[in-house]
Amino acid sequence: MAAVIECGADIDTTPENHMSLKKTLSSASPLTLRIVAECSVTKARACDLVLPHCTVSTPVFMPVGTQGTLKGITVDQLEGLGCQICLGNTYHLGMRPGPDLIEKANGLHGFMNWKRNLLTDSGGFQMVSLVELSEVTEEGVKFKSPYDGKEILLSPEKSISIQNSLGSDIMMQLDDVVSSTVTGPRVEEAMHRSIRWLDRCIAANKNPDKQNLFAIIQGGLNADLRKTCLDEMTKRDVPGFAIGGLSGGEEKDDFWRMVTLSTDHLPREKPRYLMGVGYAVDLVVCVALGCDMFDCVFPTRTARFGSALVPWGSLQVKHKQYAKDLQPIDPDCKCPTCKRHSRAYLHALFKSDTAAMHHITIHNIAYQLTLMRSVRQSIVEGHFPEFIRTFMKRMFPSRDQYPSWAVDALASVNVTLE
Amino acid sequence: MAGSRMKLEFSRVIQGRSRLGVLKGLGRNGQDSMEVPGCLLYTHFGTVPHLTQDTLHTLSNLPSVTQVTLSNIAEHQEVLEEFKDGFRKFAGLHDTLLYCSLHDPAAPCPTGYTTNKTVSVWGSGGRIELTVAKFMALQKIVQPDWYQSMADGETWQNNTSRKRVRKSVDRTLTHLDECLVVHQNSQELDGVEVFGVVEGGDILEERVRSARETAKRPVAGFCLDGLQTGSMDQTLRTQLIAAVTKELPEDKPRLLQGVGRPDEVLACVEAGMDLFESFFPFQVTERGCALCFDFNISPDPERAVLELNGGERDTAGETQPNGDHNLDDQTQMTSFEIDLKDKRYQDDFRPLVEGCGCYCCKNHQRAYLHHLLVTNELLAGVLLMIHNTAHYHGFFGALREALANDQLDLLKDRVSG
């Protein structure tokens, strides 16, 4: 049985404790999924995802702390908001401060002093999106470091090696990432290569008893390619699957069809992680389509521009119209920002101090986590479809403003929106 | 208007100059107090830079008085007027007293805009001109527990003429008298105290004149302006302060504006100052540095052995040559801090300061702070502000203890390393 460590307990990293922990886990998987409830109407599930640092309640939104920090928020504040898992980026951390230093610091957990779970991505996406001249070969991704111009090869082995040093609870395979707007043979090539790279990543994982390696389903917007990828990757014994290659610039109509195709063919008893999805509507719909885990930089990034997420959309705190608005961002929100400060104060504070950004960041994380908590609760209590309807009514001023892709996607899982 | 309730109660006065005690009778209800010498809590519009209330309250023993400045507040007059309930409530502040100053000590403003009837502050949208009427209107909506009266302090530049200095003294006295008239006729300011501002640049006679005249007015205490770090060297500053304090009543507090370096604070306490603004930790934070100067003078056998053996000491930054000040150089590192961007901290897994109980030192290491600074992460500012604030307040605590035990000289030695 996997050892279950409650969130909030201090992880004692003395050598003696490490050894006994190793013994408990050596014969067990570092991941267990307990399905707590399944929606009888949609494909949604509410689960307990048991990971080495604590149990995560799903569906879950994972905030992104790219460089080993969540943009101005302390780990105490993050814990206080109820976050049980967040992300770090292998590409960024692999560059600075580098895997060797982080290993010396007791892994990324030790380095940033985060006692709960961490998920690291492989670095593949950043490689392609951030780096000007990157070249993909069977070996890996070749690129020039933006910091010292040196040529670097990120291979499946190298990516896993860095992630092993980071010590994350969930690691992502290195996949051959292709933009969702690309068509043609490149998509097929990337899909097959991702399967081969998955096998190389599995072989390279030095810590299978402590770190979970997730596969990433590719195949672009092509149903046949997706299906092939699903068939092949599900043959591998990995603890979880991500749905990748979406949440780029593709049409939402294509997006949801690939998501639901993927969840149709992923094993029930393993978690499904939809990468890069974080807008509220997308989250709710994709939970209905059977996804359990999500990540996105949007809530934290948009906060720094003064955009606060609310059940009816978003609120641009820096806009003149809020200069004298004495309400909190959301009168129903229980986050530290809304409990203490008005829109007017925050509006004014943006002119004086960076703390204004932190207030909005805290609120936005609280909004995302609360949304997921409510989604989960409604699944457990058996009224997720009603939740969806109420949610949509609140978010959009009228029925004809409902995004048609969302209406179609929900209809496909038996939820009709009046 | 009733006589001022603010009163300094001394527990010690050393050599007729340094004062240790408690400033009592603070707040609208006159029930609050503050230890002296002490510092105010420096904020931008009510927010300690980088910090939310959660991160702020990881600090214990916060100063009981929070400072806000009209340079931050003036442009928000309209919304505060509509709010009606005063700045403290508007900002969602914790339970604290509020002191309102004119300028932000960490943001020197352009000169040449002061007139006989106005002074200017710079908000985010540009220059805002204040007459006494507008100045007092602002005080009425801010509703501080005390404020400095409007003052012309543009005398800190090197080439300020005698004539200009004299004008600043005259104008400041006129502003004070006009402020007091409005104050006495304002119900909204009932229970609020006013500090007179002593000007005079670097001219002894003008300093004395300003002090003497200001002391004649019914003010609760005194701000000393135009002596900020960078405007003159400490020897002159001490001289001028000594001359000024001779003219001021003993039992009224003296607030020194614009001075925050630990060595200067010590010298000015020796010269008779009571209150300081705590903008120095903020400046240190902004340059990615951490305060680390030693202020611990309690007898410690372990430390004695360490020192005997030339024990481990951080090499702090290059010392700012004392006589060579320049107001523009306030971004320069001092000998009281370490530069965490330096490569040597890349794999230094110690806390910023061993034994510091602040949130940053309890939870994080130098290597992590180094990484945050190198990668331009916002958390660097948060953690450094917490540590620097804690360290600075710790210094003031040590200062009061040193005065209580007659060990100021020992502390001065320790602090200057």
Side-chain angles (χ1 to χ4, degrees), chain A residues 65-77 80-81 92-93 95-98 100-102 104-106 110-115 147 300 304 322-326 328 335-362, chain B residues 43-56 58 68-69 71-73 75-76 78-85 87 89-94 104 107 123-125 282 346-347 349 359-360 362-365 367-372 374-383 385-386:
Chain A
T66 306
Q67 304 200 93
T69 159
L70 227 119
K71 298 289 183 257
I73 307 300
T74 65
V75 290
D76 270 20
Q77 287 177 303
L81 290 170
H92 292 87
L93 294 168
M95 295 277 108
R96 303 183 297 189
D100 295 332
L101 186 85
I102 295 191
K104 270 197 226 160
N106 272 326
F111 191 56
M112 53 185 289
N113 199 20
W114 172 245
K115 297 180 170 63
Y147 305 112
T300 38
R304 297 196 293 284
Y322 298 110
K324 299 197 203 155
D325 192 334
L326 298 171
C335 84
T337 303
C338 290
K339 281 212 292 233
R340 204 181 257 280
H341 297 298
S342 64
R343 299 168 184 183
Y345 180 67
L346 295 168
H347 173 92
L349 189 61
F350 264 101
K351 302 191 205 268
S352 299
D353 198 82
T354 60
M357 293 193 284
H358 307 329
H359 285 297
I360 311 292
T361 302
I362 287 174
Chain B
T43 72
H44 291 157
F45 201 65
T47 287
V48 174
H50 303 295
L51 305 186
T52 65
Q53 286 286 322
D54 292 332
T55 41
L56 176 65
T58 61
V68 292
T69 67
S71 49
N72 284 150
I73 290 178
E75 69 195 87
H76 303 289
E78 235 187 277
V79 58
L80 285 167
E81 250 156 22
E82 276 193 36
F83 181 72
K84 291 196 200 4
D85 279 334
F87 184 82
K89 278 222 182 87
F90 180 70
L93 284 182
H94 56 290
D104 181 330
S124 67
F282 167 66
Q346 207 174 50
D347 53 359
F349 292 110
Y359 174 84
C360 178
K362 283 208 298 238
N363 287 283
H364 296 292
Q365 302 147 331
Y368 185 59
L369 263 305
H370 173 85
H371 165 71
L372 293 177
V374 162
T375 55
N376 269 313
E377 283 288 339
L378 292 167
L379 188 62
V382 176
L383 295 177
M385 196 66 213
I386 290 174

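Residue numbers begin at 1 in each chain, while the letters A, B, ... track the order of the sequences. Computation of the quantities below employed the complete heavy-atom set of this structure, encompassing side-chain atoms and omitting hydrogens, waters and symmetry-equivalent molecules.
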Novice: Is there side-chain contact between A:L101 and B:F349, with heavy atoms separated by less than 4.5 Å?
Specialist: yes
Novice: Given that the side chain runs from C-beta out, which part of B:I386 has a heavy atom under 4.5 Å from chain A: side chain, backbone, both or neither?
Specialist: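 Neither part, no heavy atoms under 4.5 Å.
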Novice: Taking all non-hydrogen atoms of both residues, which atom of B:L51 and which atom of A:A355 are closest, and how far apart?
Specialist: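 Heavy atoms of B:L51 and A:A355 come nearest at O-CB, 3.7 Å.
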Novice: What's the spacing between A:K351 NZ and B:E75 CD if we round to 0.5 Å?
Specialist: 6.0 Å
Novice: Where is the tightest heavy-atom contact between A:T74 and B:T55, given as atom of each residue plus distance?
Specialist: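 The answer is CG2-CG2, 3.8 Å.
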Novice: Could you give the distance from OG1 (B:T52) to CG (A:L349), rounded to the nearest 0.5 Å?
Specialist: 10.5 Å
Novice: May I ask you to test the A:R304-B:L378 pair for a side-chain heavy-atom distance under 4.5 Å?
Specialist: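 Side-chain contact under 4.5 Å: yes.
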Novice: When only pairs under 4.5 Å are counted, which of A:T354, A:T69, A:L70 shares the most heavy-atom pairs with chain B?
Specialist: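 So the answer, after comparing A:T354, A:T69, A:L70, is A:T69.
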Novice: With rounding to the nearest 0.5 Å, note down the distance linking NE2 in A:H358 to OG1 in B:T47.
Specialist: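 So the gap between those two atoms works out to 10.5 Å.
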Novice: What pair of heavy atoms forms the shortest contact from A:Q67 to B:H371, and how long is it?
Specialist: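 Heavy atoms only, the tightest pair is O-NE2, 2.7 Å.
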Novice: Given 3.5 Å as the limit, does a donor-acceptor pair link the side chain of B:Y368 with the main chain of A:G68, or not?
Specialist: yes
Novice: Okay, side chain of A:N113, backbone of B:N363: is any donor-acceptor separation there less than 3.5 Å?
Specialist: yes
Novice: Using non-hydrogen atoms and a 4.5 Å limit, figure out which bit of A:D76 sits close to chain B: side chain, backbone, both or neither.
Specialist: both
Novice: Return the option, out of B:D104, B:T58, B:V374, B:L383, with the maximum number of heavy-atom pairs under 4.5 Å with chain A.
Specialist: B:V374
Novice: Where is the tightest heavy-atom contact between B:D54 and A:Q77, given as atom of each residue plus distance?
Specialist: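 Scanning both residues, the minimum pair turns out to be CB-NE2, 3.9 Å.
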Novice: What is the minimum heavy-atom distance between A:Y345 and B:F45, and which atoms define it?
Specialist: OH-O, 2.7 Å
Novice: For B:V382, is it the side chain, the backbone, both or neither that has a heavy atom under 4.5 Å from a heavy atom of chain A?
Specialist: side chain
Novice: May I ask you to name which of B:H370, B:H44, B:H50 has the most heavy-atom pairs under 4.5 Å with chain A?
Specialist: B:H50
Novice: Is it true that a side-chain atom of B:H76 and a backbone atom of A:A344 form a donor plus acceptor pair closer than 3.5 Å?
Specialist: no
Novice: For the residue pair B:H364 and A:M112, what are the closest heavy atoms and their distance?
Specialist: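 Looking at all heavy atoms of both residues, the closest pair is CE1-O, 3.3 Å.
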Novice: Can you tell me which portion of A:I73 sits under 4.5 Å from chain B's heavy atoms? Options are side chain, backbone, both or neither.
Specialist: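 For A:I73, the backbone is the part near chain B, not the side chain.
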Novice: Rounded to the nearest 0.5 Å, what separation is found between the NE2 atom of A:H341 and the CG atom of B:L93?
Specialist: 8.0 Å
Novice: Atom CD of residue position B:E81 - does it have more than 12 heavy atoms of other residues, nucleotides or ligands inside 6.0 Å?
Specialist: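 More than 12 within 6.0 Å, yes.
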